[in-house]
Amino acid sequence: MITSLRVRAAVVSIAIFLAFIGVWHLATRSTGTAATMSPEYAKLMGLTANTGKSAMPGPLDVGAKLWEHLKQPFYDNGPNDKGLGIQLGYSVGRVGLGYLIAVIVAIPLGFLIGMSPLMNKALDPFIQVLKPISPLAWMPLALYTIKDSSLSAIFVIFICSVWPMLLNTAFGVAAVRKEWINVARTLEVGTFRRAFTVILPAAAPTILTGMRISIGIAWLVIVAAEMLVGGTGIGYFVWNEWNNLSITNVIIAILMIGLVGMLLDQILARFTRMVTFPE
Amino acid sequence: MSSNKFISIEGIAKRYPQPSGGTTTTFEDLWLSMPSGEFGCIIGHSGCGKTTVLNILAGLDEPSDGTVIVDGQAISGTSLDRAVIFQSHALLPWMTVMGNIAYAVSSKWRKWDNAKVRAHAQIYIDKVGLTGSEHKRPSELSGGMKQRVGIARALSITPKIMLMDEPFSALDALTRGTLQDEVRRVTLETGQTTFMITHDVDEAMYLADKIFLMTNGPGAVLAEIVENPLPKDRSRIDLHKHPQYYALRNHIIDFLVTRSKTFTSITPNHDPRNVPVVRPAFTEAVVTGASVMPSLASATR
Ligand SMILES: Nc1ncnc2c1ncn2[C@@H]1O[C@H](COP(=O)(O)OP(=O)(O)O)[C@@H](O)[C@H]1O
Ligand SMILES: [Mg+2]
């Protein structure tokens with residue numbers, strides 16, 4: 001009863017996890033020979049089909065494979081056989097680059113839109129039309145114009161992460177409390193200094209919230225983008241392992257995508273806390 | 001400046017377009033002047049346009065008509081010569097107490113180095129009794145302390161005029177009293193010209209040399225200028241012991257309760273350029289504009 005909520009929540013979390021692993025294990029364990037399967041069909045279903053074991057790997061298989069990957073995350077045996085660390089590195093690199101370009105474009109443009117009602121009205125129709133376009137719809141156009149698959153993926157990341165940042169920056173800048181602006185005005189603070197000393201710190205929590213949404217979307221999109229363009233990256237890895245019918249590796253990749261996504265989100269959450277001020 | 005018109009508001013008006021077409025006039029042809037070193041208070045009901053007048057003086061708002069002249073020059077926009085103390089204190093919450101004041105100081109003296117800015121800011125932090133709280137953020141301060149920072153920030157830029165829009169209305173009575181003492185002490189010490197809006201009659205009587213009475217809006221007018229008959233060395237605690245206290249208080253309250261509504265209709269030939277100056281005493285004495293100013297006794301009937 002006295003144990004804190006945190007401890008109790010942790011206990012429940014562990015119980016859920018163990019129950020999940022248990023059910024998974026039971027559902028995928030061997031059931032003896034599968035007699036009724038024709039050899040051709042068994043072949044189609046993969047190596048394990050006629051041993052009576054489910055084609056779906058159990059938690060122990062995944063655990064063992066995961067351990068292998070973790071022991072050697074950065075090996076490189078040619079184009080179709082690279083360590084998980086290398087693949088994730090490619091993806092994080094693309095996301096980082098596309099995202100960085102989006103920051104450089106979105107924040108100044110958001111400031112302009114937020115500070116100028118004219119630009120706000122003038123750019124609004126473009127934003128309204130461009131924003132709902134699925135970032136992957138840009139892919140053919142990007143491939144055609146840029147002619148480089150890796151750069152195209154970066155472009156797609158840019159285009160998907162630019163909108164939340166742009167809109168949040170514009171909103172945050174426009175919503176800065178009038179009295180703070182008036183303080184700067186009565187002190188005869190110039191436009192440039194005002195932007196950096198009053199508007200930026202006042203809008204920073206809103207801007208960072210937009211950046212956090214953007215990094216989440218970018219990480220969602222990179223997997224799909226890499227499945228399309230191929231070559232390297234965790235998205236390509238998933239697709240490649242599916243073609244190899246290695247469900248174990250697919251599951252491991254899914255797990256890794258989740259973990260890295262969480263990490264990226266936590267980094268942005270920390271930055272958001274750093275710029276948030278109590279009122 | 002020894003001029004009697006250090007601040008001179010000359011025929012300002014403020015009109016807003018109505019959504020249905022036409023315009024609402026908040027006030028029209030408002031004239032008001034104040035000599036240097038005086039403390040003026042505007043009293044009037046909510047919505048009569050007090051904040052608008054103050055914002056126009058500050059340069060935060062523009063009049064639809066007329067001009068404001070300060071120290072012989074028509075104002076245009078805001079200026080470091082006119083510091084504003086906001087009702088909501090308007091401290092920048094991401095800066096410390098020192099940061100907020102240093103921001104104002106470095107805005108006025110842009111070439112000063114950091115040490116000089118902080119030393120100057122410290123003087124004003126000490127002056128308002130916030131020594132030791134330099135590194136606190138506004139969220140860690142009480143309402144009264146926040147408003148002290150606001151006052152220190154305004155004073156730190158040594159403005160020609162200090163403008164205050166109901167600076168103490170959000171504070172409890174005890175804190176309000178101490179801050180009133182503080183403001184009185186500082187303004188007397190420095191001979192600061194100050195212009196303040198208040199709802200609180202006692203506050204106006206304690207602080208102001210002149211009290212400007214505004215009628216209800218829309219179409220508000222400056223009805224009367226009341227000269228404070230209480231001695232210059234008055235203290236807040238013994239205010240009510242002065243022989244003129246009740247005459248002054250009753251005069252203002254009477255204005256707020258009845259005459260602010262009826263003034264425009266009973267006084268059709270009120271001259272906005274020549275507003276009567278009243279100095280309430282035991283017997284209501286009208287100093288100027290005797291013809292347009294009915295006596296207190298007849299006005300209350
Ligand atoms: N943007 C606006 N549009 C229309 N009317 C306004 C606007 N701003 C203020 N007003 C009107 O001007 C009047 C004076 O407001 P204000 O100066 O704030 O009064 P006070 O400070 O005396 O309470 C109010 O009646 C208000 O309705
Ligand atoms: Mg007001």
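Just so it is clear, the values below take in all heavy atoms, side chains as well, and ignore hydrogens, waters and symmetry mates. Proteins get letters first, then strands, A, B, ... in listed order; numbering begins at 1 in each.
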Discussion item. Please classify the contact of A:V198 with chain B as side chain, backbone, both or neither, using a heavy-atom distance under 4.5 Å.
Written reply: both
Discussion item. I'd like to know whether CZ of A:F171 has more than 12 heavy-atom contacts from other residues, nucleotides or ligands below 6.0 angstrom.
Written reply: no
Worksheet entry | B:C48 SG to B:F27 CZ distance, which is reported to the nearest 0.5 Å | 9.0 Å
Discussion item. For A:I159 versus A:V162, what's the shortest heavy-atom pair and its separation?
Written reply: O-CG1, 3.6 Å
Item to complete: Check each atom of A:A204 against the heavy atoms of chain B and say whether the ones under 4.5 Å are side chain, backbone, both or neither.
Response: neither
Discussion item. Quick check on B:I157 against chain A: is it the side chain, the backbone, both or neither that has a heavy atom closer than 4.5 Å?
Written reply: side chain
Item to complete: Could you grab the distance from atom CD1 of A:I215 to atom CG of A:L208, nearest 0.5 Å is fine?
Response: 11.5 Å
Worksheet item: In residues 111-136 of chain A, which residues are in contact with chain B at a heavy-atom separation under 4.5 Å?
Response: none
Worksheet item: What pair of heavy atoms forms the shortest contact from A:V238 to A:A253, and how long is it?
Response: CG2-CB, 3.5 Å
Discussion item. Which residues pass the side chain to side chain donor-acceptor pair (under 3.5 Å) test with A:Y99, not counting sequence neighbours?
Written reply: none
Worksheet item: Who are the ring-ring contact (aromatic ring centres under 6.0 Å, His included) partners of A:F192, not counting sequence neighbours?
Response: A:F196
Enumerate, including both backbone and side-chain atoms, all donor-acceptor pairs under 3.5 Å from chain A to chain B.
{"unit_1": "A:E179", "atom_1": "OE1", "unit_2": "B:S88", "atom_2": "OG", "d": "2.8"}
{"unit_1": "A:W180", "atom_1": "NE1", "unit_2": "B:L91", "atom_2": "O", "d": "3.2"}
{"unit_1": "A:R185", "atom_1": "O", "unit_2": "B:T78", "atom_2": "OG1", "d": "2.6"}
{"unit_1": "A:R185", "atom_1": "NH2", "unit_2": "B:L60", "atom_2": "O", "d": "3.3"}
{"unit_1": "A:E188", "atom_1": "O", "unit_2": "B:R110", "atom_2": "NH2", "d": "2.6"}
{"unit_1": "A:E188", "atom_1": "OE2", "unit_2": "B:L80", "atom_2": "N", "d": "2.7"}
{"unit_1": "A:R193", "atom_1": "NH1", "unit_2": "B:S107", "atom_2": "OG", "d": "3.0"}
{"unit_1": "A:R193", "atom_1": "NH2", "unit_2": "B:S106", "atom_2": "OG", "d": "3.2"}
{"unit_1": "A:T197", "atom_1": "OG1", "unit_2": "B:Y103", "atom_2": "OH", "d": "2.6"}

Response to the item:
So CG of A:L151 and CZ of A:F158: to nearest 0.5 Å the spacing works out to 13.5 Å
Worksheet item: Side chain, backbone, both or neither: which part of B:L91 has an atom under 4.5 Å from a heavy atom of chain A?
Response: backbone
Practice prompt. Please report the shortest heavy-atom distance between A:I86 and A:F74, naming the atom on each side.
Written response: CD1-O, 3.2 Å
Response to the item:
Tightest non-hydrogen contact, residues B:L30 and B:I9, listed as O-CG2, 3.6 Å
Worksheet, complete the sentence: To the nearest 0.5 Å, atom OG of A:S149 lies from atom CG of A:L228 at 11.0 Å
